[in-house]
Structures are given as structure tokens and as C-alpha cells.
Amino acid sequence: VRSRRQRQMCIRDRHQLMWDNLRAGKFFEGEFQNIGYNQKPIWLKGTYNPIFNREGHPYKIKMLAQFTTDDKERETNLNGIVQAVKESFLYVELNNDFTIKSSNSLFLNFIGYKRMELRKLGISTLIKNFTSEDYQELMNTLLTEGNLLQKKFVFEKKDKTQKTFNCTFHPIKNLENKISKIIVFLV
């Protein structure tokens with residue numbers, strides 16, 4: 001009950017902010033959750049613009065909005081999948097030069113390093129017997145061709161014990177269709 005009440009207060013505050021802006025003659029842009037005719041939540045993203053009379057006072061509102069419920073549900077679903085994967089598998093995010101950008105706690109617990117010790121460290125320093133041929137294969141497959149690569153590697157932990165993993169390297173592209181990072185899953 002408490003979280004529902006807090007959510008309702010947040011919705012009221014957001015609507016209040018919108019109306020305060022419109023009364024002051026300012027436009028308002030935002031995303032709102034409302035209840036549809038079937039009592040299910042619906043999401044709207046819109047711009048609300050005051051229309052002024054000859055005296056310069058707002059007298060009506062022009063609303064341009066679109067329903068974003070499907071997008072919101074899709075985004076929530078994808079975020080849930082991503083979170084489940086992050087909590088289930090060891091993974092590492094790499095920069096394009098194969099230095100470590102970030103990793104999840106499962107990987108940190110396994111490898112025995114602290115997060116800041118790994119940052120900017122090359123992934124090759126954690127892989128036993130990493131060769132220049134391995135590096136070239138990663139470069140060609142991931143960065144030149146843009147394809148994923150699956151390969152077995154032996155990782156050496158901070159305490160010098162070793163474990164073999166099937167690694168999947170996924171190149172991730174940005175909005176400009178350029179590879180911005182590489183995600184590695186260790187299974």
C-alpha cells in the first residue's frame with residue numbers, strides 16, 4: 001500500500017508541475033502514466049503548449065502526444081533480460097583496445113581483483129598464454145568483420161589458480177553503427 005501511495009503522490013506531483021508550468025505560460029514536455037478505460041496503466045509522452053489570447057494570457061492548451069505503453073513494456077522486458085544475464089553469467093565489458101571497461105560482481109569474485117584494479121587492464125593479462133595470434137583473431141573477427149567470436153581461454157586468477165572458460169565475445173555497435181565496446185561472457 002505504501003509504495004502505491006508514493007507512486008500516486010509522484011504522479012500527482014508531476015501533473016501539478018505540468019499545470020503550474022502551463023498556468024505560467026510555459027510549455028511542458030514529459031511522460032505520464034494514466035489509467036486506461038480497461039483500468040490498465042497506459043503511458044503517454046507528450047508536449048503540452050499553452051495558447052495565448054491577445055492579452056498574452058494562456059487560454060487553452062495544445063497537446064501533442066503519443067502512446068508509449070508498448071515501448072515502455074518492451075523496454076522493461078529488455079531491461080529485465082539484461083539484468084538476468086548480468087546476474088547469471090560472468091561477463092566483462094571491453095573497450096575497443098581490449099582493456100577492461102567494467103565487469104559484474106560474479107567476474108570480480110571469481111578473478112579475485114577489485115573493480116579499480118581491473119579498470120584499464122588488458123584482458124590479455126588475465127588469460128594464460130594469450131598469444132599475438134589470439135589478439136589478431138580478436139581484432140579481425142570483432143573489430144574488422146564485426147562478428148562474434150567463441151573461443152576457449154584459460155583465465156588466471158589473482159591467486160594464480162586457473163580455470164578454462166568458453167568465452168563469447170560480442171561486438172556492440174552504437175547509434176552510428178560503429179563498434180563501441182565488446183561484451184565477453186564466460187561460461
Side-chain angles (χ1 to χ4, degrees), residues 1-52 58-108 115 118-119 123 138 141-150 166-187:
V1 173
R2 185 174 179 193
S3 65
R4 180 177 177 199
R5 185 173 184 178
Q6 287 173 338
R7 202 168 42 243
Q8 287 172 338
M9 286 173 59
C10 181
I11 290 169
R12 272 197 301 267
D13 291 347
R14 186 109 169 109
H15 279 92
Q16 185 63 48
L17 178 63
M18 178 187 76
W19 286 112
D20 290 346
N21 277 341
L22 292 171
R23 281 188 202 98
K26 299 176 186 172
F27 85 95
F28 188 83
E29 182 176 31
E31 193 169 34
F32 295 96
Q33 181 185 19
N34 292 313
I35 302 298
Y37 67 91
N38 57 3
Q39 299 304 307
K40 290 187 177 181
I42 58 170
W43 286 88
L44 287 170
K45 185 175 188 175
T47 303
Y48 302 83
N49 300 289
I51 307 297
F52 300 96
Y59 75 98
K60 68 179 179 178
I61 298 165
K62 176 79 170 179
M63 179 182 88
L64 302 169
Q66 66 182 31
F67 288 102
T68 58
T69 305
D70 291 343
D71 294 339
K72 210 55 154 161
E73 287 173 350
R74 200 170 15 261
E75 181 182 337
T76 301
N77 184 43
L78 286 174
N79 287 340
I81 291 169
V82 167
Q83 193 60 37
V85 168
K86 283 182 175 183
E87 293 172 359
S88 301
F89 296 100
L90 282 73
Y91 88 95
V92 181
E93 265 185 49
L94 304 176
N95 294 307
N96 286 352
D97 62 357
F98 301 107
T99 56
I100 296 173
K101 187 175 188 174
S102 69
S103 61
N104 67 351
S105 57
L106 293 174
F107 182 79
L108 292 172
R115 191 173 306 280
L118 287 181
R119 196 154 173 79
I123 190 75
L138 288 175
T141 305
L142 298 168
L143 299 179
T144 306
E145 300 168 9
N147 295 324
L148 69 85
L149 174 70
Q150 293 181 324
N166 290 314
C167 301
T168 306
F169 294 78
H170 296 268
I172 305 298
K173 295 182 180 179
N174 61 18
L175 295 175
E176 297 166 353
N177 206 28
K178 294 181 181 174
I179 296 169
S180 61
K181 63 183 173 181
I182 299 157
I183 304 287
V184 185
F185 289 101
L186 293 80
V187 181

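Predicted, not measured: the structure shown is a model, and the values here were computed from it. We use all heavy atoms of the structure for the numbers below, so side chains are in, but hydrogens, waters and symmetry mates are not.
- Judged by distance alone, with hydrogens and angles left aside, the side-chain atoms of Ser88 form a donor-acceptor pair with the main-chain N or O of Ala84 at under 3.5 Å.
- Qualifying salt bridge (Lys or Arg N to Asp or Glu O under 4.0 Å) partners for Lys101, counting only residues two or more places apart in sequence or in other chains: none.
- Below 30°, between 30° and 60°, or above 60°: for Phe185 and Tyr91 the angle between ring planes is between 30° and 60°, a tilted geometry.
- Residues Leu148 and Thr168 meet the side-chain proximity criterion, which asks for heavy atoms closer than 4.5 Å.
- Residues Leu186 and Val92 are in side-chain contact: their nearest non-hydrogen atoms beyond the backbone lie under 4.5 Å apart.
- Taking all atoms of both residues into account, the shortest heavy-atom contact from Leu94 to Val184 is CD1-CG2, 3.6 Å.
- No hydrogens or angles considered: nothing links the side chains of Asn79 and Gln83 as a donor-acceptor pair under 3.5 Å.
- The 12-atom threshold is not exceeded at CZ of Phe67, counting heavy atoms of other residues, nucleotides or ligands nearer than 6.0 Å.
- Considering only residues two or more places apart in sequence or on other chains, Ser102 meets the side-chain hydrogen bond (donor to acceptor under 3.5 Å, both in side chains) condition with none of them.
- Distance CZ/Phe28 to CD1/Ile61: 11.5 Å, rounded to 0.5 Å.
- Residues passing the side-chain hydrogen bond (donor to acceptor under 3.5 Å, both in side chains) test with Glu145 are Asn147, sequence neighbours excluded.
- Put simply, the side chain of Asn96 gets close to the backbone of Ile179: a donor and an acceptor are under 3.5 Å apart.
- Note on residues 173-187: pairs passing side chain to side chain donor-acceptor pair (under 3.5 Å), not counting sequence neighbours, are Glu93-Lys181.
- Between the side chain of Asn104 and the main chain of Phe89, a donor-acceptor pair closer than 3.5 Å is present.
- Here Ile123 contributes atom CD1 and Asp97 contributes atom CG; the two are 11.5 Å apart, rounded to the nearest 0.5 Å.
- Glu31 meets the salt bridge (Lys or Arg N to Asp or Glu O under 4.0 Å) test with Lys72; sequence neighbours excluded.
- For Thr141, there are no side-chain hydrogen bond (donor to acceptor under 3.5 Å, both in side chains) partners at least two apart in sequence or on another chain.
- A distance of 10.0 Å separates CZ of Phe32 from CH2 of Trp43, quoted to the nearest 0.5 Å.
- Annotation: side chain of Ile51 is in contact with side chain of Tyr59 (closest heavy-atom distance under 4.5 Å).
- When every heavy atom of Gly25 is checked against every heavy atom of Phe52, the shortest pair comes out as O-CZ, 3.3 Å.
- Formation of a donor-acceptor pair under 3.5 Å by the Asn38 side chain with backbone atoms of Lys40 is found in this model.
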